[in-house]
> 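Dumping the structure here so I can ask a few things about it.
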Amino acid sequence: MTAAPTDEAAPAAGVDEATADERRRVDRRALRADGILAAVTTVLTGIPTAIMWVLLANGTALHWAFCALVAAAIAGAILVRRSHPVLALLALTGLAALHVAIAAPMFPVWFGVLVVLYSAGRFARWPGRLGALGLAFVASLLAATWLATEGGLSVGPGTLPTVPDILRLVAFAWIPPMMLFSIAVLVGWGVAAVARSEAASNEALASTRRADEQEERAALARDMHDVVAHSLAVVIAQANGARYTPDPEAKNRSLEVIAGTAKQALGDVRLLLGQLRHSQAADPVASLDGAPALIERIRASGLDVRLVELGAAVPLPRTADIAAYRILQEALTNALRHGDTSQPVHVRLQRAGGPQPGIVLDVHNRLRAHPGVAGHGVRGMHERARLAGGDAWTGVEDGWFRVRAAFPASAR
């Protein structure tokens with residue numbers, strides 16, 4: 001039996017089809033623009049050609065036919081200037097050699113070749129650009145040959161050219177077309193370099209935006225985890241305690257703690273959702289000033305938390321203050337969920353002034369079992385400390401699970 005296509009395959013196919021459609025639209029727009037450019041170039045160079053031929057009445061029917069061929073060839077070369085610029089330029093160089101061979105008069109339509117020379121520098125890769133410069137050199141030699149034979153710059157027949165004659169030919173017959181053709185290629189080359197630089201800058205900006213968005217999502221995930229995990233742990237502990245206690249007063253106290261915890265969690269979640277909708281929204285209300293209230297909620301859940309505060313208050317940057325509070329909240333939540341609740345949890349807040357002011361948070365509790373792989377909460381503690389300019393350490397030490405976090409007052 002043929003397996004039915006998976007749900008993952010359908011979006012991938014849709015993305016590929018959308019990308020192909022976008023490319024086709026871009027190709028059509030580019031072809032339309034090149035068609036307009038070919039028409040404008042043909043008109044702008046064809047009008048002076050027709051005026052010159054009417055006023056001067058020079059050239060034969062063969063020359064007129066060849067002029068029309070050149071105009072059509074240049075228009076066709078402009079149409080393929082993005083896909084095959086060097087081949088188009090090679091074909092035009094062959095026509096230029098034929099022009100010199102049949103001694104045709106100069107056609108202003110030939111100035112359209114500058115568009116093709118520019119396109120070779122703009123759209124070809126660097127080997128193609130070098131080839132275009134080589135063809136520009138050949139074309140300049142053909143132009144110099146025409147000027148020397150048909151343009152009136154050659155010396156008389158049977159006369160050997162002198163050094164001044166050679167210099168005059170080089171200066172007036174070869175150097176101007178050589179510079180004109182080469183500059184056209186080099187200008188296209190420079191425009192391509194600028195376009196690549198802009199594309200690289202745009203890609204770097206896009207990567208930076210994606211990294212910022214990813215970091216913002218990670219920060220929101222950490223906040224959501226801390227708020228929800230802590231609140232649910234307190235609610236579960238209080239609900240279990242209320243189920244088995246016969247004391248109505250204890251039940252009422254448990255229900256009050258559950259209601260208060262849920263209310264605070266609801267407020268934090270609302271702030272997080274506001275931050276998610278508006279990237280400039282205020283951070284959830286979290287500060288070490290609320291540490292006593294946090295510890296009281298944990299104590300009401302039946303966990304013996306012993307707080308020791310050392311030193312005078314030290315003002316912390318807002319990011320460090322939030323990070324320290326969330327780390328304390330996560331450490332106490334982990335102690336309630338995974339630690340030995342029959343043993344006390346020790347919390348020490350050591351504030352230091354002087355030349356290196358800051359705060360050190362130390363939380364340690366006994367374990368019920370050996371901890372497994374670190375989860376989102378433990379990884380979030382390290383990320384919070386690092387992003388707030390501090391440092392964190394978590395691990396088992398002499399049978400205690402310890403969380404240490406340090407934040408300097410000068411942290412950015």
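Just so it is clear, the values below take in all heavy atoms, side chains as well, and ignore hydrogens, waters and symmetry mates.
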> Side-chain contact, heavy-atom cut-off 4.5 Å: F181 with L114?
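A side-chain contact exists here, since the closest heavy-atom pair is under 4.5 Å.
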> Kindly give the heavy-atom pair with the smallest separation between F407 and G390, and that separation in Å.
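Shortest heavy-atom contact: CD2-CA, 3.9 Å.
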> Mind jotting down which residue pairs meet the side-chain hydrogen bond (donor to acceptor under 3.5 Å, both in side chains) criterion with at least one end in residues 181-206? Sequence neighbours excluded, please.
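Every side-chain hydrogen bond (donor to acceptor under 3.5 Å, both in side chains) pair that includes a residue of residues 181-206, provided the two are not neighbours, is E203-R210.
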> Per the salt bridge (charged side-chain N to carboxylate O under 4.0 Å, His left out) rule, what does the pair list look like for residues 71-97, sequence neighbours excluded?
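Listed once each, the pairs are D34-R81, D34-R82.
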> Among residues at least two apart in sequence or on other chains, which ones pass salt bridge (charged side-chain N to carboxylate O under 4.0 Å, His left out) with R299?
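By the salt bridge (charged side-chain N to carboxylate O under 4.0 Å, His left out) rule, R299 matches E296.
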> Can you name the ring-ring contact (aromatic ring centres under 6.0 Å, His included) partners of F66, sequence neighbours left out?
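ring-ring contact (aromatic ring centres under 6.0 Å, His included) check on F66 returns H99.
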> To the nearest 0.5 Å, tell me how far N365 CG sits from W400 CH2.
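Separation between the atoms: 8.0 Å.
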> Taking the side chain as everything from C-beta on, heavy atoms only, tell me whether V70 gets closer than 4.5 Å to W110.
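Yes, close enough: below the 4.5 Å cut-off.
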> R318 versus D321: any side-chain heavy-atom pair under 4.5 Å?
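Contact flag for R318/D321 side chains = yes.
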> How many angstroms lie between CZ in F123 and NE2 in H84, if you round to the nearest 0.5 Å?
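With rounding to 0.5 Å, CZ (F123) is 14.0 Å from NE2 (H84).
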> Of all heavy-atom pairs between V109 and I74, which one has the smallest distance, and what is that distance?
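Nearest pair, atom of V109 first, then I74: O-CD1, 3.0 Å.
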> Does NE2 belonging to H346 count more than 12 external heavy atoms closer than 6.0 Å?
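Yes - once you tally the heavy atoms of other residues, nucleotides and ligands closer than 6.0 Å, there are more than 12.
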> Mind checking whether C67 and F107 have side chains closer than 4.5 Å, heavy atoms only?
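Side-chain contact under 4.5 Å: yes.
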> Could you give all pairs that pass the salt bridge (charged side-chain N to carboxylate O under 4.0 Å, His left out) test and reach residues 356-366, with sequence neighbours left out?
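Applying salt bridge (charged side-chain N to carboxylate O under 4.0 Å, His left out) to every pair that reaches into residues 356-366, excluding sequence neighbours, yields R348-D362, D362-R402, D362-R404.
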> With sequence neighbours left out, which residue pairs that include part of residues 306-317 fulfil the side-chain hydrogen bond (donor to acceptor under 3.5 Å, both in side chains) condition?
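Checked against side-chain hydrogen bond (donor to acceptor under 3.5 Å, both in side chains) - neighbours excluded - the pairs reaching residues 306-317 are D304-R306, E309-R351.
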> Give me the atom names and distance for the closest heavy-atom approach of A184 to L117.
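Shortest heavy-atom contact: CB-CB, 3.8 Å.
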> Is it the case that over 12 heavy atoms from other parts of the model lie below 6.0 angstrom from the CZ atom of F111?
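No, because the 6.0 Å sphere around CZ of F111 holds 12 heavy atoms or fewer from other groups.
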